[in-house]
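One structure is given below, encoded as structure tokens.
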Amino acid sequence: MPVILAVLAAIIVFCGYLIVDMLLADKKRKALLQARLAAEGGVSAESGESPRTGLNGEPSAFAASLLRLLRGLGIAADAAIELLERRFAQAGINSPDAPMYYLFFQRIGALGLLLLALILVAGANETNKALMYMLAGLMTFVAVWGPKLYVQNRIDKRKKLLQRAFPDTLDLLLICVESGLALDASLARVCSELGLAYPEMTGELNRTRLELALLNDRARALNNLNERTDLPAFRSLVSALIQSERFGTSLSDTLRVLSEEFRLQRLSIAETKAARLPVLMTVPLIFLLMPAFFLIVLGPAIVKIMHNGSEITGN
């Protein structure tokens with residue numbers, strides 16, 4: 001048992017070190033990004049608004065050493081990291097160290113947890129057998145499905161936030177374009193207005209604005225927005241922006257059509273949710289309100305019957 005506790009403590013300390021290292025690198029990268037945004041007239045470092053995004057830089061020395069270790073063990077880390085980068089971008093994890101940490105835990109740390117679970121099962125006695133089995137099952141679940149479920153949960157939550165913020169963002173972008181601002185200036189204005197209400201959307205637009213300024217291919221920068229969000233709404237917006245950039249069509253007319261379409265879509269979603277309310281309220285009404293209703297209606301009759309019965313029996 002002491003050996004198992006020591007191994008668990010070592011794993012916890014190592015995971016804590018990885019988290020602290022990634023947070024420090026993230027903090028440094030955000031500070032550099034805030035300085036760049038402030039220089040370009042976006043969200044300033046003094047405003048207290050964090051863009052929550054950044055152009056991916058080089059991994060830290062520790063993450064690079066983990067990558068060399070994975071390569072030395074014969075793991076195709078480069079191909080796996082290339083596939084992971086897109087999913088991490090959709091999850092809002094922009095740290096360049098995150099894919100290395102993910103692969104290390106998935107390929108090496110998971111094996112350590114599985115081995116530890118087997119040790120727990122083998123060393124279990126009659127007194128703590130149930131506890132060891134539960135702990136071993138929890139370790140197996142974390143080792144096999146933990147990383148995938150964590151990333152997928154982050155992706156799903158982020159998509160919901162972006163989907164909720166999209167109609168308001170599109171309306172404000174349309175107002176900025178119709179007022180005569182260019183696309184880059186419109187995105188900067190939208191980010192400054194929506195920074196507190198929709199930080200996830202602000203982060204995506206800030207990153208897109210930086211890529212539009214730094215990359216030579218503006219279509220590539222807009223397509224990166226589509227890949228990071230993976231939502232039909234952003235796909236339509238990116239197609240409209242690319243068409244306007246390539247063919248010189250009126251951006252305000254295109255955005256007006258998209259704004260009306262998504263405003264109707266938002267109204268349709270609200271009506272659908274309202275139509276589901278009677279069905280969703282049926283179960284609470286049956287199990288919570290109906291017993292109280294029957295008690296109020298039948299309670300006096302039950303009390304009277306009990307009282308009359310006690311008079312008849314003489315009790």
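All residue numbers refer to positions in the sequence shown, counting from 1.
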Work out which heavy atom in Leu84 is nearest to a heavy atom in Pro99; give both atom names and the distance. CD1-O, 4.2 Å
Grouping I, L, V, M, F, W and Y whenever their side-chain heavy atoms are under 4.5 Å apart, do Val297 and Phe294 come out in a common cluster? yes
Is there a donor-acceptor pair closer than 3.5 Å between any side-chain N or O of Thr208 and the backbone N or O of Glu204? yes
In Å and rounded to the nearest 0.5 Å, what is the CG to CD1 distance from Leu181 to Ile175? 11.5 Å
Distance-only donor-acceptor hits, side chain of residues 260-267, under 3.5 Å, sequence neighbours excluded:
residue : atom : partner : partner atom : Å
Arg263  : NH2  : Asp171  : OD1          : 3.1
Arg263  : NH2  : Ser259  : OG           : 3.0
Arg266  : NH1  : Asp168  : OD1          : 3.0

Minimum side-chain heavy-atom gap Leu161-Met201 below 4.5 Å: no
Leu222/Leu212 under side chain to side chain contact (heavy atoms under 4.5 Å, CB included): CA gap, chis, key distance, verdict: CA-CA 8 Å; Leu222 294 173; Leu212 287 172; 4.2 Å; yes
Side-chain heavy-atom pair Leu295, Ile302 within 4.5 angstrom cut-off: no
Please report the closest heavy-atom contact between Arg107 and Ala80, naming both atoms and the distance. NH2-CB, 4.2 Å
From CG (Leu187) to CG (Leu210), nearest 0.5 Å: 10.5 Å
Mind listing the closest non-hydrogen atom pair of Glu211 and Ala221 along with its distance? OE1-O, 3.5 Å
For residues Met100 and Leu69: do they belong to one hydrophobic cluster (side chain heavy atoms under 4.5 Å, members Ile, Leu, Val, Met, Phe, Trp, Tyr)? yes
Phe293 and Leu298: same hydrophobic cluster, using ILVMFWY side-chain contacts below 4.5 Å? yes
Give the C-alpha distance, both sets of side-chain angles, the deciding distance and a yes or no for side chain to side chain contact (heavy atoms under 4.5 Å, CB included) between Leu162 and Gln90. CA-CA 11 Å; Leu162 293 176; Gln90 294 174 0; over 6 Å; no
Considering all heavy atoms, the nearest Thr202-Cys191 contact: CG2-O, 3.7 Å
Hey, is Asp253 close enough to Arg256 for a salt bridge, meaning N to O under 4.0 Å? yes
When you compare the side chains of Glu227 and Asn223, does any donor N or O come within less than 3.5 Å of an acceptor on the partner? no
CG (Asp230) and CZ (Arg86) are apart, to the nearest 0.5 Å, by 6.0 Å
Measure the CD1-OH distance between Ile155 and Tyr150 for me, rounded to the nearest 0.5 Å. 11.0 Å
Could you state the interatomic distance from OG (Ser186) to CZ (Arg209), rounded to the nearest 0.5 Å? 11.5 Å
Check whether any side-chain heavy atom of Ile93 sits under 4.5 Å from a side-chain heavy atom of Tyr102, and report yes or no. no
Please check: side-chain N/O of Asn153 versus main-chain N/O of Leu149, any donor-acceptor pairing under 3.5 Å? no
Mind checking whether Leu170 and Leu255 have side chains closer than 4.5 Å, heavy atoms only? yes
Of all heavy-atom pairs linking Ala77 and Arg71, the shortest is CB-CG, 4.5 Å
Can you establish whether the number of heavy atoms outside Arg158 located under 6.0 Å from its atom CZ is more than 12? yes
Verdict with reasoning, Arg228 to Leu225, per side chain to side chain contact (heavy atoms under 4.5 Å, CB included): CA-CA 5 Å; Arg228 290 194 304 269; Leu225 173 64; 3.9 Å; yes
Check for me, please, whether Ile296 and Phe287 land in the same ILVMFWY cluster - side-chain distances under 4.5 Å, paths through other members count. no
Begin from the C-alpha positions of Val142 and Phe105 and carry the test side chain to side chain contact (heavy atoms under 4.5 Å, CB included) through to its verdict. CA-CA 10 Å; Val142 172; Phe105 181 82; 4.1 Å; yes
Is the shortest side-chain heavy-atom distance between Tyr101 and Leu66 below 4.5 Å? yes
Measure the CD1-CD distance between Ile269 and Gln163 for me, rounded to the nearest 0.5 Å. 6.0 Å
Consider only side-chain heavy atoms of I, L, V, M, F, W and Y, link residues closer than 4.5 Å, and tell whether Leu205 and Leu215 are in one cluster. no
Does Gln152, at its CD atom, have more than 12 non-hydrogen atoms belonging to other residues, nucleotides or ligands within less than 6.0 Å? yes
Is there side-chain contact between Leu258 and Phe166, with at least one heavy-atom pair below 4.5 Å? no
Looking only at heavy atoms, which two atoms of Ser252 and Glu178 are closest? And how far apart? CB-CG, 3.9 Å
Measure the shortest side-chain to side-chain distance between Leu70 and Ile108 over non-hydrogen atoms and say whether it is less than 4.5 angstrom. yes
Could you check if a side-chain atom of Val177 sits within less than 4.5 angstrom of a side-chain atom of Leu183, using non-hydrogen atoms only? no
